[in-house]
Number of protein chains: 4
Amino acid sequence: MFVEMDLQSEVPLYAQLVDSLIEGIASGALKPGDPLPSVRGLAADLGINLHTVNKAYTLLKQEGFLQVHRKQGVVVNPGGMPGITSAFDDKLTRQLKVLAAESAVRGMSAEAFADRCKEVFRTAVEGGGRLS
Amino acid sequence: MFVEMDLQSEVPLYAQLVDSLIEGIASGALKPGDPLPSVRGLAADLGINLHTVNKAYTLLKQEGFLQVHRKQGVVVNPGGMPGITSAFDDKLTRQLKVLAAESAVRGMSAEAFADRCKEVFRTAVEGGGRLS
Amino acid sequence: MFVEMDLQSEVPLYAQLVDSLIEGIASGALKPGDPLPSVRGLAADLGINLHTVNKAYTLLKQEGFLQVHRKQGVVVNPGGMPGITSAFDDKLTRQLKVLAAESAVRGMSAEAFADRCKEVFRTAVEGGGRLS
Amino acid sequence: MFVEMDLQSEVPLYAQLVDSLIEGIASGALKPGDPLPSVRGLAADLGINLHTVNKAYTLLKQEGFLQVHRKQGVVVNPGGMPGITSAFDDKLTRQLKVLAAESAVRGMSAEAFADRCKEVFRTAVEGGGRLS
DNA sequence: GTGGTCTAGACCACC
DNA sequence: GTGGTCTAGACCACT
């Protein structure tokens with residue numbers, strides 16, 4: 001599995017990993033029930049700290065994306081993904097609003113913005129977030 | 001002018017202020033040439049430190065959204081707003097990708113996502129980001 | 001006489017005025033013995049404060065570029081311009097060094113830099129700093 | 001690494017530091033990928049406040065000269081230096097014009113000016129800005 | 001230990 | 001009064 005970490009990014013490593021894994025699920029590279037690398041294995045692969053991978057897995061477990069079994073390791077939640085919670089809806093709206101506002105100020109039209117959103121969504125689902 | 005600060009948010013205060021001001025411009029509440037409160041005045045209004053306001057103003061000045069007049073204080077750039085730079089385009093795509101992926105994983109359809117984007121954009125432009 | 005003031009510049013107004021007048025002398029628009037506008041006249045023309053013009057004139061007088069007569073007003077020093085003082089030489093070297101270093105870092109060659117310097121000097125002398 | 005701060009200078013400390021670091025890169029004392037001292041360490045070395053160092057680093061980061069690694073601290077951008085942007089070109093021309101005009105007024109010839117520029121450039125590149 | 005953020009209080013140049 | 005700069009001291013997230 002290949003996940004690219006950007007050490008220069010302002011985005012924390014654990015958050016980058018969380019995002020990458022979600023993008024992997026969105027693209028179909030990871031399906032419910034699929035196993036994930038062990039904490040130490042992934043940490044070694046990415047050349048990052050154990051705690052960083054652990055934090056990402058823990059967050060994804062809390063959100064319901066992953067399940068952690070005692071001995072079998074970590075798997076994508078076989079019961080399916082969590083739905084649109086109100087917390088997520090809030091986050092989505094809040095972040096979208098900031099992006100939309102700056103896009104508008106910089107001269108982007110409503111259509112151009114919607115098209116861009118649609119295109120990005122499509123590539124994310126079709127494999128833009130491919131992991132392996 | 002009313003800008004609400006969320007002291008509990010994980011988003012830095014200066015970033016919240018930056019976002020609020022951009023939303024104010026997008027909504028039309030702030031137009032090119034309009035004066036902004038002095039750093040000290042706005043800091044007092046918001047109950048935060050003047051350096052925090054200064055940081056937000058400085059960032060917006062560097063991006064080309066604001067200008068500082070000698071003595072007249074800070075104004076919205078009368079020459080108009082900066083366009084779609086490649087840096088902004090990158091940021092937009094990157095952040096949109098994360099939001100789209102999580103939305104997809106949680107079961108949102110491409111149409112629903114695009115509609116939501118369009119709706120948020122419209123409210124941002126029409127006054128959803130109203131400041132005063 | 002037309003001197004353009006940039007109210008948005010980080011350069012103080014009085015310094016902009018000083019620079020403009022020196023450029024006017026360099027270009028030949030102002031020659032030794034030539035009269036300059038009165039303090040209040042120039043201030044009114046430029047739409048700036050009396051003190052600002054006064055400060056610029058005072059600095060130029062101290063440096064030896066101008067002479068101030070009690071009743072006849074301000075004139076370009078009829079005795080000619082000051083030469084290369086060690087203070088000026090220091091300033092020139094120091095500022096040139098900063099510009100040269102950044103130019104070099106950004107990939108400009110020694111020749112390109114020298115050419116640019118020569119070109120700017122030529123336009124300054126030939127009328128690039130034209131005032132009237 | 002030795003950077004000298006002039007507390008009496010009219011040029012801000014953070015700007016002096018910015019200039020020194022750029023001169024260090026130009027001279028080859030600092031190469032892409034090289035680590036820089038921590039903000040606290042350098043501040044202690046120079047006897048100034050860490051915020052002042054931070055401001056200099058932040059500016060250089062925004063310009064593309066430096067990068068910050070998560071945990072490794074600050075390094076000279078391994079991807080190479082930014083090129084000649086139009087913003088830099090404007091700044092170069094503007095500042096060069098002022099220096100050229102005053103040099104001309106004080107009696108310097110075009111050749112002498114160009115020679116001086118060339119010489120300063122050469123010393124800046126070859127070690128005139130030596131830091132260590 | 002690192003950079004990032006925030007606060008508090010101060011001085012200065014400019015106009 | 002305005003923004004710009006500097007200092008001092010503190011807390012936090014990240015690794």
Side-chain angles (χ1 to χ4, degrees), chain A residues 5 7-17 43 46-56, chain B residues 5 7 9-17 35-44 46-59 61 66-75, chain C residues 5 7-17 43 46-56, chain D residues 5 7 9-17 35-44 46-59 61 66-75:
Chain A
M5 294 285 109
L7 295 178
Q8 283 82 45
S9 170
E10 59 173 354
V11 179
L13 290 179
Y14 78 90
Q16 290 182 44
L17 184 49
L46 300 177
I48 61 180
N49 196 290
L50 268 175
H51 301 77
T52 306
V53 177
N54 210 352
K55 186 166 186 174
Chain B
M5 292 288 108
L7 298 178
S9 171
E10 60 172 353
V11 179
L13 291 176
Y14 80 91
Q16 291 181 43
L17 183 49
L36 267 67
S38 72
V39 283
R40 287 175 173 76
L42 185 52
L46 299 177
I48 63 179
N49 193 276
L50 93 173
H51 291 109
T52 306
V53 176
N54 200 6
K55 184 166 187 175
Y57 277 8
T58 300
L59 278 173
K61 182 182 67 178
L66 303 183
Q67 274 189 350
V68 304
H69 276 72
R70 327 214 123 262
K71 252 37 259 181
Q72 300 181 33
V74 182
V75 301
Chain C
M5 293 286 111
L7 297 178
Q8 283 82 48
S9 170
E10 59 174 356
V11 180
L13 290 180
Y14 79 91
Q16 290 183 44
L17 185 50
L46 300 177
I48 62 179
N49 196 291
L50 268 175
H51 301 77
T52 306
V53 177
N54 210 352
K55 185 165 187 174
Chain D
M5 292 287 109
L7 298 177
S9 171
E10 60 172 352
V11 36
L13 292 177
Y14 80 91
Q16 291 181 42
L17 184 50
L36 268 67
S38 73
V39 285
R40 286 174 174 76
L42 186 52
L46 299 177
I48 62 180
N49 193 278
L50 91 172
H51 291 108
T52 306
V53 176
N54 200 7
K55 185 167 186 174
Y57 278 7
T58 300
L59 278 173
K61 182 182 68 177
L66 303 183
Q67 274 189 351
V68 304
H69 276 72
R70 330 212 119 263
K71 253 33 271 185
Q72 298 184 32
V74 182
V75 300

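Values below: all heavy atoms of this structure, side chains included; hydrogens, waters and symmetry mates excluded. In the text below, chain A, chain B and the rest are named by the order of the sequence lines, each starting its count at 1. Bear in mind that the values here come from a model prediction, so they are computed numbers and not experimental data.
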[X] [atom1] to [N] [atom2], straight-line distance once rounded to whole Å:
X       : N      : atom1 : atom2 : answer
B/Leu59 : E/dC6  : CG    : C1'   : 15 Å
B/Leu42 : F/dG3  : CG    : C1'   : 14 Å
C/Leu17 : E/dC15 : CG    : C1'   : 14 Å
B/Leu36 : F/dG3  : CG    : P     : 10 Å
C/Glu10 : F/dT5  : CD    : C1'   : 14 Å
D/Tyr57 : E/dG3  : OH    : P     : 7 Å

Q) So, for A/Gln16 and A/Val11, which heavy atoms are closest and what is the spacing to 0.1 Å? A)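 Residues A/Gln16 and A/Val11, closest heavy atoms: NE2-O, 2.8 Å.
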Q) Of the non-hydrogen atoms in C/Ser9 and B/Arg70, which two are nearest, and what is the gap between them? A)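 Of all heavy-atom pairs spanning C/Ser9 and B/Arg70, the closest is O-NH2, 3.0 Å.
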Q: Starting at the 5' end of nucleotides 7-15 of chain F, put B wherever the base has a protein heavy atom under 4.0 Å, S where only the sugar-phosphate does, and a dash everywhere else.
A: BBB-B--BS
Side chain to side chain contact (heavy atoms under 4.5 Å, CB included) with [X]: which residues, sequence neighbours excluded?
X       : value
B/Leu50 : B/Arg40, B/Ala43
D/His69 : A/Leu7, A/Gln8, D/Gln67, D/Gln72, D/Val75
D/Ala44 : none

Q: Check DNA chain F for consecutive Watson-Crick or G-U pairs with both distances under 3.5 Å and list the runs of at least three as stems.
A: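 Expected stems, ordered by start: E:1-14 with F:1-14.
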Q) Hey, are the side chains of D/Val53 and D/Leu17 touching, using non-hydrogen atoms and a 4.5 Å cut-off? A)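 Side-chain contact under 4.5 Å: yes.
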Q. With a 4.5 Å heavy-atom cut-off, do B/Tyr57 and B/Ser38 have their side chains touching?
A.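 No, side chains not in contact.
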Q: Check whether any side-chain nitrogen or oxygen of B/Asn54 sits under 4.0 Å from OP1 or OP2 of F/dG4, and answer yes or no.
A: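 True: B/Asn54 side-chain N/O within range (under 4.0 Å) of F/dG4 OP1/OP2.
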(Q) Among residues at least two apart in sequence or on other chains, which ones pass side chain to side chain donor-acceptor pair (under 3.5 Å) with A/Asn54? (A)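 A/Asn54 satisfies side chain to side chain donor-acceptor pair (under 3.5 Å) with no other residue.
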